[in-house]
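One structure below.
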Amino acid sequence: MDYNKLAELLFPHITKEPAEYEKIYPKRNLPANAKITRLGPSPTGFIHLGNLYGAFVDERLAHQSGGIFYLRIEDTDDKRQVEGAVEAIISSLEFFGLTFDEGASMEGDKGDYGPYYQSQRAEIYQTYVKQMIHRGQAYPCFCTEEELAEIREEQEHLKENPGYYGKWAKHRNLSLEEIKSRIDQDQSFVVRLRSQGTHDCAEEEIKMISVEDGIRGTLTIPENDQDIVLLKANGIPTYHFAHVVDDHLMRTTHVVRGAEWLPSLPIHVELFQTLDWPLPIYCHTAQLMKMEDGNKRKLSKRKDPELSLDYYRSEGYHPKAVREYLLTILNSNYEEWRMESPDAPQSSFEFTVGKMSNSGTLFDLDKLNDISKDVLVKIPAQELCQFLIAWAKSYKTELVDLFVGHETYLVKILDLGRSGNKPRKDFVFATQMFEFISYFYDDYFKREDAYPENVSTEDAKAILSAYLESYDHNDDQTQWFNKIREIATTNGYAAKPKDYKKNPGLYKGHVGDVSTVIRIALMGRSMSPDIWEIQQILGERKTKERIHEVL
RNA sequence: GGCUCCAUGGUCAAGCGGUCAAGACACCGCCCUUUCACGGCGGUAACCCGGGUUCGAUUCCCGGUGGAGUCACCA
């Protein structure tokens with residue numbers, strides 16, 4: 001077989017030599033230990049927490065080492081393109097604090113190793129494919145979908161491994177004439193790898209290969225024997241081939257990807273070897289799991305829309321909280337570090353791939369919420385106010401007028417009980433925050449809770465009218481509370497909870513019950529920060545009004 | 001089904017041949033307290049099973065079992 005002729009027959013339009021690309025995309029001029037990582041999303045526009053989790057690893061590895069983190073769009077599947085998806089991905093990641101040094105961006109490609117859209121790199125891939133054909137490392141395959149299905153059926157019948165390999169690879173050894181005639185008939189073809197591996201032997205002879213994984217250590221896997229598709233009929237490469245060519249030419253040093261790629265690692269290893277390129281360091285991350293029917297399951301794009309990044313954005317989780325959570329599940333020593341350095345910026349933590357867990361991590365909303373509380377309590381009210389406004393503008397437009405123009409009011413509310421050495425940790429995410437402070441806004445104020453059981457309706461009225469009567473907006477907190485004690489006493493409630501505990505028979509309840517009545521009249525619920533402070537913000541008129549309403 | 005990965009409390013997760021087997025979340029109790037939080041103290045709760053190796057295995061090896069992933073002209 002004259003491979004030279006074959007290569008020309010198949011790719012007459014390709015005139016460049018691989019060496020030219022090597023020159024255009026030289027080794028990067030960076031310090032020896034600088035890591036080059038990339039995120040390669042397919043533009044379905046959907047990106048979930050699991051993607052962010054992986055992206056974080058990329059970002060940390062690159063930026064901690066003075067390397068490069070770039071964005072490459074893996075749009076080799078034309079059936080799955082979604083309009084505006086790239087923008088959505090970029091803005092999502094940006095929101096959560098992930099920035100790229102290079103690659104696809106809102107303003108177009110950035111950097112010297114582009115184009116960064118795989119769909120625009122057809123000529124590059126074909127150049128390498130042509131070279132492989134020329135060397136006898138690849139060949140055209142004209143099998144139709146039906147033929148492939150037949151092969152599979154027969155393999156299933158014979159209980160052999162499915163796939164296109166060895167003796168099943170029907171077009172592996174077509175003659176040049178045969179190929180020529182099929183081309184003349186305009187038959188479409190794919191280009192396949194002529195795999196050097198063979199499983200067509202006794203089990204113990206199957207060659208195993210070892211790969212050092214950054215997270216998992218030494219991986220021992222059987223070598224590849226599949227004649228996988230390199231180039232699809234439309235001239236666009238499959239993921240496997242695009243990955244190898246791109247990560248080589250873009251000089252990626254660390255390939256971070258989910259564990260679902262582990263089974264195809266042998267393919268990639270063979271490709272790198274065939275092309276005689278050094279292997280990048282693979283880091284196969286554990287999958288983020290979800291509990292379903294008592295079993296853990298990998299997060300899925302289709303099945304778990306509630307785990308899309310947009311879900312967290314719309315619920316109003318603060319990006320810093322999400323990052324903090326991700327970091328704690330990403331590196332087992334992060335939490336410990338955080339306890340020792342509660343105020344250090346996240347970026348000063350030294351992230352290491354070796355500290356990553358390699359079993360699936362269950363996504364834990366409780367934990368996220370808890371972490372979120374700790375994160376939010378440290379954010380100044382002023383900043384929280386801006387955060388709430390930005391959130392409302394995107395996801396809750398009816399609240400915008402409530403906030404904008406009344407920032408001072410909002411800031412006061414958000415700052416309630418947060419000073420001192422035991423600040424309240426009431427806030428978790430925007431939706432919840434607004435719910436929590438909603439009683440400050442008449443349109444959203446509602447009375448939900450009932451008076452305590454030990455307080456009769458008559459007593460409640462008596463307490464409230466006495467409260468209204470003695471109310472002086474200028475009282476300081478102590479004066480105000482002394483009045484409450486008086487009201488408690490005159491109505492048969494203990495002025496101090498301890499008195500009540502000592503002699504429960506002497507009282508109907510204690511001062512706490514009295515304040516609860518007032519609290520419910522004012523806020524509509526039995527849980528809230530300090531009543532006096534709330535009244536100061538609410539103002540005298542509104543305070544009195546609300547008491548009046550229930551009398 | 002083949003292949004691969006994984007296996008410590010409900011969840012996340014330290015551990016790397018000898019520990020009373022950390023810690024965090026959740027849960028429960030107590031304290032603080034005018035409510036709810038916050039905070040403090042305490043509590044319930046774990047090494048999948050069976051063989052080895054060893055003076056000694058959660059830790060190393062083998063075999064089960066269980067879970068997950070993957071077997072496309074999708075990534």
request  = Verify ring pair (Phe, Tyr, Trp, His ring centres under 6.0 Å) between A:Y325 and A:H318, making sure each step is shown before the conclusion.
outcome  = CA-CA 11 Å; A:Y325 171 68; A:H318 194 101; over 10 Å; no

task = Would you jot down, in residue-number order, the residues of residues 210-220 of chain A having a non-hydrogen atom under 4.0 Å from RNA chain B?
result =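 Per residue number, the list reads A:R216, A:T220.
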
key: Sub-4.0 Å heavy-atom contacts from residues 509-522 of chain A onto RNA chain B, ordered by number   =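 Heavy-atom contacts with RNA chain B come from A:V511, A:G512, A:S515, A:T516, A:R519.
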
Closest nucleotide among [options] to the [X] side chain:
X	options	answer
A:P162	B:rC71, B:rC12, B:rC38	B:rC71
A:P222	B:rU4, B:rC73, B:rC71	B:rU4
A:E260	B:rG69, B:rU33, B:rC38	B:rG69
A:K498	B:rU33, B:rC36, B:rU70	B:rU33
A:S526	B:rA75, B:rU33, B:rU35	B:rU35
A:Q477	B:rC38, B:rU34, B:rA68	B:rU34

Rounding to an integer number of angstrom, what distance separates [N] and [M] when you compare their [atom1] atoms?
N	M	atom1	answer
B:rC47	B:rG42	P	24 Å
B:rU19	B:rG10	C1'	24 Å
B:rC20	B:rU34	C1'	43 Å
B:rU4	B:rG9	C1'	29 Å
B:rA46	B:rG63	P	30 Å
B:rG29	B:rG17	C1'	39 Å
B:rC62	B:rA68	C1'	23 Å
B:rU58	B:rG18	C1'	12 Å

inquiry  = Quick check: on RNA chain B, is the nucleotide nearest A:K425 upstream (toward 5') of the one nearest A:Y239, or the reverse? Name the residue that is more 5'.
reply    = A:K425

message = Taking the nucleotide of RNA chain B with the nearest heavy atom to each, does A:L262 or A:T328 sit closer to the 5' end?
response = A:L262

For a quick check under 3.5 Å, do [X] and [Y] share a side-chain donor-acceptor pair by atom type?
X	Y	result
A:N454	A:Y507	no
A:S526	A:Y451	no
A:D75	A:S119	yes
A:R519	A:S528	yes
A:S195	A:Q226	no

inquiry  = With a 6.0 Å cut-off on the ring centroids, do A:F351 and A:W337 count as close?
reply    = no

Counting only side-chain nitrogens and oxygens, does [X] get under 4.0 Å of the OP1 or OP2 atom of [N]?
X	N	value
A:R152	B:rC71	no
A:T76	B:rA75	yes
A:S528	B:rU35	no

query = What is the per-nucleotide protein-contact pattern of nucleotides 21-27 of chain B, from the 5' end, where B denotes a base atom under 4.0 Å from a protein heavy atom, S denotes such proximity for sugar-phosphate atoms only, and - denotes neither?
reply = --SBSS-

Using a heavy-atom cut-off of 4.0 Å across all strands, would you classify [X] as base, sugar-phosphate, or nothing?
X	answer
A:V229	sugar-phosphate
A:R192	sugar-phosphate
A:P497	sugar-phosphate
A:K483	nothing
A:S188	nothing

note = Pairing string of RNA chain B (Watson-Crick or G-U wobble, both atom distances under 3.5 Å; | = paired to other strand) is ((((((((.[[[..)..(....]]].(((((.......)))))....[[[[[..)....]]]]])))))))....

task = Applying side chain to side chain contact (heavy atoms under 4.5 Å, CB included) between A:R546 and each of A:Q535, A:R447, A:M523, report the one that passes.
result =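 For A:R546, the side chain to side chain contact (heavy atoms under 4.5 Å, CB included) test succeeds with only one of A:Q535, A:R447, A:M523, which is A:R447.
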
ask   = Tell me the salt bridge (charged side-chain N to carboxylate O under 4.0 Å, His left out) pairs involving residues 332-343 of chain A, sequence neighbours left out?
value =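 Every pair satisfying salt bridge (charged side-chain N to carboxylate O under 4.0 Å, His left out) with a residue in residues 332-343 of chain A: A:E324-A:R338, A:E335-A:K367.
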
ask   = By salt bridge (Lys or Arg N to Asp or Glu O under 4.0 Å), which residues pair with A:R121, not counting sequence neighbours?
value =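 For A:R121, the residues satisfying salt bridge (Lys or Arg N to Asp or Glu O under 4.0 Å) (neighbours in sequence not counted) are A:D246.
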
ask   = Any chance NZ of A:K320 has more than 12 other-residue heavy atoms, nucleotides or ligands included, within less than 6.0 Å?
value = no

Find the distance [X]:[atom1] to [N]:[atom2] and express it as a whole number of Å.
X	N	atom1	atom2	answer
A:L416	B:rA37	CG	C1'	12 Å
A:Q287	B:rG67	CD	C1'	14 Å
A:M527	B:rC38	CE	P	12 Å
A:N224	B:rC3	CG	P	16 Å
A:W480	B:rU35	CH2	C1'	10 Å
A:Q155	B:rG1	CD	P	19 Å
A:M289	B:rA7	CE	C1'	12 Å
A:K496	B:rU35	NZ	P	14 Å

query = Checking side chain to side chain contact (heavy atoms under 4.5 Å, CB included) for the pair A:L279/A:V211: CA distance, chi angles, key distance, verdict?
reply = CA-CA 9 Å; A:L279 215 56; A:V211 181; 4.2 Å; yes

Hey, does [Y] have a side-chain heavy atom less than 4.5 Å from the side chain of [X]?
X	Y	answer
A:K508	A:Y493	yes
A:L231	A:V190	no
A:N369	A:F429	yes

query = Would you say the side-chain atoms of A:S341 pair up with the backbone N or O of A:A344, donor to acceptor, closer than 3.5 Å?
reply = no

query = Quick one: which of A:K167, A:R172, A:K170, A:R192 gives a salt bridge (Lys or Arg N to Asp or Glu O under 4.0 Å) with A:D227?
reply =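 Result for salt bridge (Lys or Arg N to Asp or Glu O under 4.0 Å) with A:D227: A:R172.
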
